[in-house]
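Everything quoted here is computed from the prediction, not taken from an experiment.
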Amino acid sequence: MKKYLVIPALVLAAAFSTATVSAQTSTKFGTVDMKRVFDSYYKTKDAESKINEDRNAAKKELEDRMDVAKKVLEEVKKLDEEMANPALSKEAKDQKMKIRSDKAADLQNQDREIREFQTTREKQLQEKSVRMRAGIVDDINKVVSDKVKAENFDFVFDKSGPSLNGVPIVLFSRDAFDFTDSVVTALNKNRTSDSPLAAPAATPVTPKTKKSN
């Protein structure tokens with residue numbers, strides 16, 4: 001009775017093993033370097049150029065605001081020097097004191113507006129960068145998805161992504177499995193001749209103003 005029960009179990013195990021080997025041999029794997037794709041996509045360079053242009057424009061506006069505030073600060077300091085003159089009459093000193101008070105208040109308002117401008121523009125630039133990046137990633141994922149469907153891949157791995165241990169997820173793959181170049185070609189096929197190259201990184205909008213005493 002025991003021998004009779006063992007035979008079907010062995011047959012089932014053999015059948016399962018055969019099916020597993022068959023599935024493994026028919027499984028199609030692919031790899032793609034998503035970082036290289038992202039960096040090589042012309043829209044990535046366009047986005048970097050636009051963000052840098054906006055950042056440089058914001059930096060220029062901030063510097064203009066800083067120049068105006070600096071002039072007011074110099075006027076306040078000059079008034080302080082004039083009021084320190086012992087030969088100045090009480091009437092003239094009171095008049096200059098009022099002017100100084102008005103300019104100091106104006107300087108404080110400008111300082112507040114400059115800090116608000118910095119915060120607002122940095123937030124706007126960050127949000128714009130995130131939106132552009134999301135659009136680029138969507139484009140890339142669509143091309144990869146089309147490639148997967150056309151080539152009937154069962155699994156596709158990102159060669160550029162590290163694991164939680166800090167080592168590459170894909171330790172080794174044959175070049176024949178990689179279709180990074182075809183993805184880059186598909187993404188850049190509509191690139192125009194006037195598409196700009198990546199612009200150099202702009203200086204962050206971070207200058208600070210001096211406050212009057």
Side-chain angles (χ1 to χ4, degrees), residues 32-82 96 98-146 158-162 180-213:
V32 60
D33 188 331
M34 293 295 280
K35 183 180 185 303
R36 184 157 73 87
V37 170
F38 185 86
D39 293 341
S40 301
Y41 188 18
Y42 78 92
K43 284 189 177 181
T44 301
K45 296 177 175 62
D46 289 346
E48 290 174 352
S49 178
K50 290 174 182 176
I51 289 295
N52 285 333
E53 287 176 3
D54 290 346
R55 188 174 294 279
N56 286 329
K59 182 174 179 290
K60 176 64 170 59
E61 183 176 349
L62 179 62
E63 289 173 346
D64 291 343
R65 290 170 179 256
M66 293 282 292
D67 288 341
V68 173
K70 184 178 179 181
K71 290 179 181 179
V72 176
L73 178 60
E74 291 172 351
E75 291 174 358
V76 169
K77 290 181 178 180
K78 184 178 179 181
L79 286 168
D80 287 338
E81 293 174 356
E82 292 174 352
K96 290 183 180 295
K98 183 179 182 308
I99 296 174
R100 185 206 184 277
S101 178
D102 291 340
K103 288 187 177 294
D106 181 35
L107 186 61
Q108 288 181 351
N109 288 333
Q110 288 188 45
D111 180 71
R112 174 180 52 79
E113 291 173 356
I114 287 172
R115 285 184 280 108
E116 290 177 352
F117 173 79
Q118 286 179 270
T119 302
T120 301
R121 291 297 289 136
E122 283 292 350
K123 182 179 179 182
Q124 291 173 344
L125 289 169
Q126 181 64 26
E127 290 175 346
K128 184 174 182 178
S129 178
V130 170
R131 287 195 304 271
M132 286 183 166
R133 184 181 183 87
I136 290 169
V137 172
D138 286 343
D139 288 351
I140 294 173
N141 285 338
K142 184 179 183 303
V143 171
V144 172
S145 178
D146 291 343
D158 178 9
K159 291 172 58 176
S160 65
T180 301
D181 289 340
S182 63
V183 173
V184 172
T185 299
L187 287 167
N188 290 331
K189 66 181 180 180
N190 295 323
R191 177 180 178 179
T192 58
S193 58
D194 59 344
S195 293
L197 296 176
T203 305
V205 186
T206 54
K208 296 182 180 179
T209 58
K210 294 182 180 180
K211 294 183 180 180
S212 64
N213 295 329

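For the residue pair N188/Y41, the side-chain donor-acceptor check at 3.5 Å is not satisfied.
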Could you walk me through whether Q110 and R65 pass side chain to side chain contact (heavy atoms under 4.5 Å, CB included), step by step?
CA-CA 8 Å; Q110 288 188 45; R65 290 170 179 256; over 6 Å; no
Trace of the side chain to side chain contact (heavy atoms under 4.5 Å, CB included) decision for M66 with I114
CA-CA 8 Å; M66 293 282 292; I114 287 172; 4.1 Å; yes
Report the C-alpha separation of R55 and E122 in whole Å, then their side-chain angles, then the decisive distance to 0.1 Å, and conclude whether the side chain to side chain contact (heavy atoms under 4.5 Å, CB included) test is met.
CA-CA 8 Å; R55 188 174 294 279; E122 283 292 350; 3.2 Å; yes
Does the side chain to side chain contact (heavy atoms under 4.5 Å, CB included) test come out yes or no for K189 and T185, once each step is laid out?
CA-CA 6 Å; K189 66 181 180 180; T185 299; 5.7 Å; no
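With respect to K60, the side-chain contact (heavy atoms from CB on, under 4.5 Å) criterion is satisfied by exactly one of D64, L62, N56: D64.
Closest heavy-atom contact between D33 and S160: OD1-CB, 3.1 Å.
Taking a cutoff of 4.0 Å between a charged side-chain nitrogen and a carboxylate oxygen, E63 and K59 qualify as a salt bridge. For K77 and E81, the salt-bridge test fails: no basic side-chain N is under 4.0 Å from an acidic carboxylate O. Look at K35 and D39 and you find a salt bridge, because one of the NZ, NE, NH1 or NH2 atoms lies within 4.0 Å of a carboxylate O, short of that distance. Using a 4.0 Å cut-off between a side-chain N of Lys or Arg and a carboxylate O of Asp or Glu, R112 and E116 qualify as a salt bridge. Here K50 does not pair with D46 in a salt bridge; the nearest charged N to carboxylate O distance is not below 4.0 Å.
Counting only heavy atoms from C-beta outward, the side chains of L79 and K103 approach each other to under 4.5 Å. Under the 4.5 Å side-chain criterion, counting only non-hydrogen atoms from C-beta, L187 is not in contact with Y42. In this structure the side chain of R36 reaches within 4.5 angstrom of the side chain of D181, judged on heavy atoms.
The environment of CZ in R133 is sparse: at most 12 heavy-atom neighbours from other residues, nucleotides or ligands sit within 6.0 Å.
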